[in-house]
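In what follows, a structure is listed as structure tokens, so that the remarks can point back to it.
Remember, it's a predicted structure, so these values are computed and weren't measured experimentally.
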Amino acid sequence: MSLTQNQKSKYLVANDEDERWGIFVTTIGFQTILPNTDYPPKGHPSSHGFNAAKGRVLHEYQIIYIIKGEGVFQSSSCKPTKVFSGTVILLFPEEWHTYKPVKNTGWDAYWIGFDGSNIYNLLLNNFFSITNPVLDIGFNEQIAELYKHGLEIANFQKAAYQQMIAGIVQMLLSHIFYAEKNNSFRDKLVVSLIEKARVIMRDNITNNQTTESVAAELNMSYSWFRRIFKQYTGFSPGQYQMEIKLQKAKELLTGTVMLVKEICFELNFESVSYFVTFFKLKTGMSPTE
């Protein structure tokens with residue numbers, strides 16, 4: 001297989017300033033493995049050398065995005081798993097792994113390697129997991145375009161190019177997290193009900209409507225409604241209701257001449273003191289400030 005015809009790859013260096021940015025990129029590329037050809041192709045430097053039979057351990061993170069064909073992935077924390085068009089593979093530092101395309105299909109794949117303190121924080125807060133490195137997000141043209149843009153930036157390597165590609169890494173992770181989060185809600189009826197619940201809460205923000213009554217209006221048991229609502233939004237129904245009250249309070253404080261006690265009454269807070277305490281806890285300042 002010809003490297004120039006079937007693979008575009010850049011191996012990058014990062015200086016101290018790049019590392020202080022929080023994300024720095026080590027490699028980015030695109031690879032076509034034609035059906036019934038050898039894998040892996042030659043041309044990788046020793047730091048990224050790969051033997052599919054033996055696997056390897058990297059000292060960085062990588063995001064691999066399969067856009068055509070099929071293959072198999074395995075790591076120390078993941079049993080052999082089939083991958084195909086629309087699959088994202090997350091590689092983690094110091095984690096043994098291996099992967100290869102199916103011989104009769106080959107594959108087309110993008111990859112980007114990176115490291116930095118910002119990535120560690122995402123893992124620390126469980127946004128991505130070493131035990132769940134294979135994600136089926138489907139084909140996403142925006143993700144493919146981000147890889148292409150990253151390759152263009154890496155090709156010229158102008159001043160601060162590392163910071164530009166670091167932004168692409170952040171966008172890739174955001175797209176992947178968004179797609180994975182929403183893929184868990186493929187039941188359109190459930191999504192429709194949660195969206196309707198949010199509309200009901202927003203439309204009745206000045207009414208003393210309970211979250212239990214919202215669930216009842218949607219013919220849902222409250223325990224199930226509360227669980228699925230939090231999975232979808234990240235808030236319990238009660239927390240969401242308080243958040244939209246907070247946003248409305250900010251609008252009224254900055255856009256009207258209403259007094260604090262009038263806003264408290266308008267939004268059905270228990271008391272002025274409770275409203276002031278809640279507002280200061282959330283914003284770091286009092287309603288008057």
Partner residues of [X] under the side chain to side chain contact (heavy atoms under 4.5 Å, CB included) criterion, sequence neighbours left out:
X      : answer
Arg227 : Trp224, Gln231
Ile130 : Ser77, Phe92, Glu95
Asn118 : Ile23

Can you tell me how far the [atom1] atom of [X] sits from the [atom2] atom of [Y], to the nearest 0.5 Å?
X      : Y      : atom1 : atom2 : answer
Ile228 : Thr233 : CD1   : OG1   : 10.5 Å
Ile89  : Gln74  : CD1   : CD    : 12.0 Å
Glu152 : Lys148 : CD    : NZ    : 9.5 Å
Ser75  : Leu90  : OG    : CG    : 10.5 Å
Gln62  : Trp111 : CD    : CH2   : 8.5 Å
Asn208 : Leu267 : CG    : CG    : 11.0 Å

Requested in this report: Name all pairs fulfilling the side chain to side chain donor-acceptor pair (under 3.5 Å) condition that reach into residues 277-286, sequence neighbours left out, sorted by first residue then second.
Outcome: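 Sorted result for residues 277-286: Glu243-Lys282, Ser286-Glu289.
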
Query raised in the report: Can you list every pair that meets ring pair (Phe, Tyr, Trp, His ring centres under 6.0 Å) and has a residue in residues 117-144, with sequence neighbours left out?
Result: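 Qualifying pairs, neighbours excluded: Phe127-Phe177.
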
Tell me if a side-chain donor or acceptor on [X] pairs with a main-chain N or O of [Y] at a distance below 3.5 Å.
X      : Y      : result
Trp107 : Val83  : no
Ser174 : Leu172 : no
Asn207 : Gln209 : no

Please list every donor-acceptor pair under 3.5 Å in which a side-chain atom of residues 155-171 meets a protein atom from a residue at least two apart or in another chain.
residue : atom : partner : partner atom : Å
Asn155  : OD1  : Lys10   : NZ           : 3.4
Gln157  : NE2  : Ala154  : O            : 3.2
Tyr161  : OH   : Val13   : O            : 3.3
Gln162  : OE1  : Val25   : N            : 2.8
Gln162  : NE2  : Val13   : O            : 3.1
Gln162  : NE2  : Val25   : O            : 2.8
Gln163  : NE2  : Asp18   : OD1          : 3.1

Do the side chains of [Y] and [X] get nearer than 4.5 Å, heavy atoms only?
X      : Y      : answer
Asn104 : Asn36  : yes
Tyr222 : Pro237 : yes
Ser117 : Arg20  : no
Thr26  : Leu12  : no
Arg56  : Trp96  : no
Ile200 : Asp203 : no
Tyr274 : Phe279 : no

Query - Six-ring centre of Phe269, Lys245 cation under 6.0 angstrom, axis tolerance 45° - result: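 Yes; both conditions hold, so Lys245 lies above the ring face of Phe269.
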
Closest approach of [X] to [Y] (non-hydrogen atoms, all atoms of both residues):
X      : Y      : value
Ser213 : Thr210 : OG-O, 2.6 Å
Thr98  : Ala52  : OG1-O, 2.6 Å
Ala197 : Leu218 : CB-CD1, 3.6 Å
Arg226 : Ser236 : NH2-CB, 3.7 Å

Query - Among Ile28, Leu146, Leu151, Thr27, side chain to side chain contact (heavy atoms under 4.5 Å, CB included) partner for Ile112 - result: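 That would be Ile28; it is the only one of Ile28, Leu146, Leu151, Thr27 passing the side chain to side chain contact (heavy atoms under 4.5 Å, CB included) with Ile112.
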
If hydrophobic clusters are built from ILVMFWY residues whose side chains come within less than 4.5 Å, do [X] and [Y] share one?
X      : Y      : value
Phe235 : Tyr178 : no
Val134 : Val102 : no
Leu246 : Val272 : yes
Ile33  : Leu91  : yes
Phe50  : Leu58  : yes

Query raised in the report: Will you find, in the side chains of Gln241 and Gln239, an N or O donor that is under 3.5 Å from an N or O acceptor?
Result: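 Looking only at side-chain atoms, Gln239 and Gln241 do not form any donor-acceptor pair under 3.5 Å.
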
Requested in this report: With sequence neighbours excluded, give me every salt bridge (Lys or Arg N to Asp or Glu O under 4.0 Å) pair touching residues 189-199.
Outcome: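 Qualifying pairs, neighbours excluded: Glu195-Arg198.
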
Report task. Could you note down all residue pairs passing salt bridge (Lys or Arg N to Asp or Glu O under 4.0 Å) where residues 101-115 supplies at least one of them, sequence neighbours left out? Result ->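 For residues 101-115: Asp38-Lys103.
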
Query raised in the report: So with a 6.0 Å cut-off around NE2 of His149, is the heavy-atom count from everything else above 12?
Result: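 No, not enclosed.
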
Atom pairs and distances, donor-acceptor, side-chain atoms in residues 64-72, under 3.5 Å, two or more places apart:
residue : atom : partner : partner atom : Å
Tyr65   : OH   : Gly138  : O            : 2.8
Tyr65   : OH   : Asn140  : N            : 2.7

Requested in this report: List the steps, then state whether side chain to side chain donor-acceptor pair (under 3.5 Å) holds for Glu94 with His59.
Outcome: CA-CA 6 Å; Glu94 319 311 324; His59 308 298; 2.9 Å; yes

Requested in this report: Apply ring pair (Phe, Tyr, Trp, His ring centres under 6.0 Å) to Phe73 and list each qualifying residue two or more places apart in sequence or on a separate chain.
Outcome: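 Here no residue qualifies.
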
Query raised in the report: Residues two or more places apart in sequence or in another chain: which of them pass ring pair (Phe, Tyr, Trp, His ring centres under 6.0 Å) with Phe225?
Result: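 Ring pair (Phe, Tyr, Trp, His ring centres under 6.0 Å) list for Phe225, sorted by chain: Phe229.
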
Donor-acceptor list for residues 258-266 side chains, cut-off 3.5 Å, not counting sequence neighbours:
residue : atom : partner : partner atom : Å
Glu262  : OE1  : Leu259  : N            : 2.7

Report task. For Leu253 and Lys250, run side chain to side chain contact (heavy atoms under 4.5 Å, CB included): C-alpha distance rounded to whole Å, both residues' side-chain angles, the deciding distance at 0.1 Å, then the answer. Result -> CA-CA 5 Å; Leu253 285 165; Lys250 290 178 181 179; 5.6 Å; no

**Report entry** Derivation of the side chain to side chain donor-acceptor pair (under 3.5 Å) call for Thr211 and Tyr240
**Finding:** CA-CA 10 Å; Thr211 55; Tyr240 183 79; over 6 Å; no

